[in-house]
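Report on the structure given below.
Order of the sequence lines fixes the chain letters, A, B, ..., with proteins taken first and strands second; residue numbering starts at 1 for each chain.
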Amino acid sequence: MKIVTRFAPSPTGYLHIGGARTAIFNYLFAKKHNGKYLVRIEDTDKKRSTNEAVDAIHDGLNWLGVNSSEKIIYQSKNLESHVKVAYELLEKGFAYKCFLNPEELNHLRTKSRENGIPIKSPWRNNNSISENKEFVIRLKMPLNGTTTINDYVQGKVSVKNEILDDMIILRSDKTPTYMLSSVVDDNKMGITHIIRGDDHFNNAFRQIQIINFLKWDKPLYAHIPLIHGTDGSKLSKRHGATNLIDYHNMGYTSEAMFSYLLQLGWTTRDDEDDYEFNKVVKLFALENINKSPAKFDIKKLNNINSRYLNNMDTNNIYKLIIERFELILNIHQERRLKSLLPELLKRVDVYVDLKDDFEWIIEDNFLCKDENKLKQLKENNLMINEIGDLLKNCEWTKETIDHCLKTYIQEKSIKFKDVGPIIRIALTGKTNSPDLVSIIYELGCTISLNRLNYNY
RNA sequence: GGUCCCUUCGUCUAAUGGUUAGGACACCGCCCUUUCACGGCGGCAAUACGAGUUCGAAUCUCGUAGGGAUCACCA
C-alpha cells in the first residue's frame with residue numbers, strides 16, 4: 001500500500017508551532033514509507049480565511065523544509081463535490097433535513113447539555129417538509145452499538161454511538177462544513193493515514209460514520225497530543241512566541257527547530273541525543289509518539305540550536321548572517337568575519353546575537369566609543385602603545401604574536417590579566433571575546449596597530 | 001456537567017513484571033584558561049496518592065486527586 005499523509009491547516013492565522021510539529025510528523029511518516037505527503041489548505045470558512053495566512057503557512061513550511069510532495073490543494077475548490085456527497089447521504093437516508101431555527105436550536109442545546117445527551121433534531125424522524133424555510137442537512141448518527149478506533153497514538157478507544165450528535169454536514173447557505181469536507185477530500189486524495197492534533201480525536205468518531213455510510217476505505221488515525229506551555233496549559237501567546245516564523249526571525253535555524261519540535265513527544269529511544277535527519281527518517285514510528293502533552297522549553301531549543309550552529313558549515317552561516325543583516329563586505333571583511341565565526345558561535349545560542357560583534361570585526365576604523373571603557377584605555381594608554389610597538393616588528397603568525405605578548409608581561413613582571421582586558425577593549429570595545437591572539441592575528445597588522453597605537 | 005485522554009527528576013524522555021529507575025537540557029561544583037565561552041569530570045533531582053494482584057509493580061487492576069481535549073450552521 002502506498003502511504004499518503006496530509007497536513008491540513010486552516011488559513012485563519014500564522015503557522016503555529018503545534019501545527020508545524022503536526023506537519024513534521026506527517027512528513028516524516030510519509031518519507032519513511034516512501035509515500036506522499038500532501039498539504040491541503042482548509043479554506044472553507046471564507047470569512048476567516050486570508051491570503052496572508054496562506055502565505056504565512058507556505059513560508060513556514062518552506063522554512064522548515066516540509067513541503068508538499070505535490071501541488072498544494074485548496075479545499076474551497078472542491079466544495080461542489082462535498083455538496084454532492086451531502087445530498088447523496090440525504091438520498092440514501094443517512095442524513096436528513098433539519099428546519100430548526102436558532103432559538104429552537106439554542107433551547108435544544110442547553111437541554112442536551114443538562115441531560116448529557118447529544119443533539120438529535122426532532123426532524124430526524126419527521127419526513128414532512130416545510131419548503132419555505134431554510135434548512136441544514138444533519139447526519140443520522142447510529143443510535144446503537146459502539147465505534148472503535150485503533151489509533152496509533154491513543155491506542156484502542158471505543159465510544160458508544162449514542163453519544164454522537166447529529167452533526168451538520170451542509171449549512172443553511174448550502175456550504176459544506178469541515179466535518180464533511182475533510183472526510184470527502186481525504187477520501188478523494190487517497191489519504192491512508194490521518195495524523196493530526198488530538199483536539200480532533202472526538203471528531204474522528206463522528207467523521208468515521210460518514211465513511212461507514214458510504215462504504216469508503218477507512219483511513220488509519222494518529223492523534224498526537226498538543227504542545228503545552230510551561231504551566232501545563234495549552235500553548236498560547238503568553239507563553240512566548242507560538243508563531244513558527246518568529247523563531248526564524250529570532251535566529252533559530254530550521255534544522256534545530258525541526259529537531260526540537262520532533263523530540264517534543266517522540267524520541268529515537270537511544271541514549272544519543274542525536275536527531276540527524278536521515279537517522280530520524282529510518283527510526284520514525286507513530287507508535288512511539290507519547291500520549292501526554294509535552295511542554296515547550298525554550299532552553300532546550302537554545303541548546304539544540306547552539307549545537308547545530310557549531311556544526312554548520314561556516315560558509316552557510318556566513319550566508320545566513322549577511323542576508324539577515326544585509327551586509328555588503330569586501331573580501332578582507334569577509335575573510336575576517338569567516339575566520340572568527342567558529343569562535344564567535346561558541347558564545348551564542350542564536351546567530352543574530354552576533355550582531356554586537358560585527359562592528360569591531362568589519363569596520364576597519366573601529367574604535368571603542370563607550371565612555372567608561374575609554375577612561376580605562378586612557379589610563380593605560382602607554383601600555384597599549386607599547387604593545388602596539390612590539391607587534392609592529394612582529395612576524396604575523398599566531399605563535400609569534402603570542403610570544404610577543406608573553407615576553408612583554410615577563411619583562412614587566414606583570415600578569416596576563418593586567419594587560420589582557422585592556423587590550424581586548426582596545427581591539428573590540430568589549431570585555432569578552434575570543435582569545436586575544438586569534439583576534440590580533442585575524443584582524444591583521446594594520447587594523448590591530450591602528451587600535452593599539454591610538455592616542456586615547 | 002457528559003464523553004474521551006493523560007500523570008517517571010524543574011523540562012524532554014528511557015526502562016513493555018526483576019535496573020543502584022538510565023540519558024539529555026537546565027541548575028550547582030571542580031578542571032582547563034588571558035576574559036567570556038567551548039570542552040572534560042562530578043553533583044543535585046522523579047515513578048501524583050491509596051488500595052489490590054504477584055515471590056516481585058514505574059510497568060497489570062480498581063479508586064482518589066490533579067491536568068488536558070471536546071461538546072458551533074469554526075476548522
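For the OP1/OP2 pair of B:rA75 and a distance below 4.0 Å, the side-chain nitrogens and oxygens of A:Thr44 include at least one atom meeting the criterion. In terms of phosphate contacts, A:Asn310 brings no side-chain nitrogen or oxygen within less than 4.0 Å of OP1 or OP2 of B:rA37. Between A:Arg269 and B:rG23 there is no side-chain polar atom (N or O) within less than 4.0 angstrom of OP1 or OP2. Contact check, A:Lys300 against B:rC12: no side-chain N or O comes under 4.0 Å of OP1 or OP2. Note on A:Arg109: a side-chain N or O is less than 4.0 Å away from OP1 or OP2 of B:rC73. The shortest distance between the side-chain N/O atoms of A:Lys295 and the OP1/OP2 oxygens of B:rU11 is below 4.0 Å.
Among the atoms of the strands shown, only primed sugar atoms or phosphate atoms (P, OP1, OP2) are found under 4.0 Å from some heavy atom of A:Leu226. A:Met167 comes within contact range of no nucleotide atom at all, as no heavy-atom separation falls under 4.0 Å. At a threshold of 4.0 angstrom between heavy atoms, the contacts of A:Lys415 with the nucleic acid are absent. Contacts of A:Pro102 with the nucleic acid, taken as non-hydrogen atoms under 4.0 Å apart, are absent. As judged by a 4.0 angstrom heavy-atom cut-off over every strand, A:His228 is placed among residues touching the sugar-phosphate backbone only. Among the heavy atoms of the strands lying under 4.0 Å from A:Ser433 is at least one base atom, whether or not backbone atoms are also near. Residue A:Val136 is classed as a base contact, given a heavy-atom separation below 4.0 Å to a base. A:Lys417 comes within 4.0 angstrom of no nucleic acid atom, judged by non-hydrogen atoms across all strands. Among the heavy atoms of the strands lying under 4.0 Å from A:Asp273 are primed sugar atoms or P, OP1, OP2 only; no base atom is included. Backbone-only contact: A:Gly265 has heavy atoms under 4.0 Å from sugar-phosphate atoms and none from a base. Across all strands shown, A:Gly116 has heavy atoms under 4.0 Å from sugar-phosphate atoms exclusively, and none from any base. A:Leu264 comes within contact range of the sugar-phosphate backbone alone, with a heavy-atom separation under 4.0 Å but no base atom that close.
Under the Watson-Crick and G-U wobble criteria, each requiring two contacts below 3.5 Å, nucleotide B:rU3 is paired to B:rA69. B:rU16 is unpaired under the criterion used here, namely a Watson-Crick or G-U wobble arrangement in which both key atom distances are under 3.5 Å. Shown here, B:rU53 forms no base pair; nothing in the strands shown gives a Watson-Crick or G-U wobble contact with both key distances under 3.5 Å. In this structure, B:rA21 forms no base pair with any nucleotide, since neither Watson-Crick nor G-U wobble geometry is met with both distances under 3.5 Å. Remark: B:rA26 base-pairs with no nucleotide; criterion is Watson-Crick or G-U wobble with both hydrogen-bond distances under 3.5 Å. The nucleotide B:rC9 finds no pairing partner, because no Watson-Crick or G-U wobble arrangement with both distances shorter than 3.5 Å includes it. Across every strand in view, B:rA37 sits unpaired, with no contact that passes the Watson-Crick or G-U test at under 3.5 angstrom. Nucleotide B:rU47 forms a pair with no other nucleotide shown, judged by Watson-Crick or G-U wobble geometry with both contacts under 3.5 Å.
In the interface, the side chain of A:Asn203 is paired with the base of B:rA75 through a donor and an acceptor atom under 3.5 Å apart.
Judged by distance alone, the side chain of A:Arg451 and the main-chain N or O of A:Trp360 form a donor-acceptor pair under 3.5 Å.
More than 12 non-hydrogen atoms from other residues, nucleotides or ligands lie less than 6.0 angstrom from CG of A:Asn101.
A cation-pi contact, defined as under 6.0 Å to the ring centre and within 45° of the axis, is absent between A:Lys140 and A:Phe213. Figure legend: A:Lys32 and A:Phe284 shown without cation-pi pairing, the cationic atom not lying both under 6.0 angstrom from the six-membered ring centre and within 45 degrees of its axis.
Glycosidic conformation at B:rC38 (O4'-C1'-N9-C4 for purines, O4'-C1'-N1-C2 for pyrimidines): syn, within 90° of 0.
Note: CZ (A:Arg206) to P (B:rC4) measures 15 Å, nearest angstrom.
Taking the six-membered ring where tryptophan is involved, the planes of A:His16 and A:Tyr14 are essentially parallel, since the angle between them stays under 30° and well short of 60°.
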Item to complete: Using the side-chain hydrogen bond (donor to acceptor under 3.5 Å, both in side chains) rule, take A:Asp297 and A:Tyr260 through it: C-alpha gap first, then chi angles, then the decisive distance, then the call.
Response: CA-CA 9 Å; A:Asp297 180 14; A:Tyr260 177 62; 5.6 Å; no
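Using modelled atom types, one finds a donor on one side chain and an acceptor on the other under 3.5 Å when comparing A:Tyr408 with A:Glu386.
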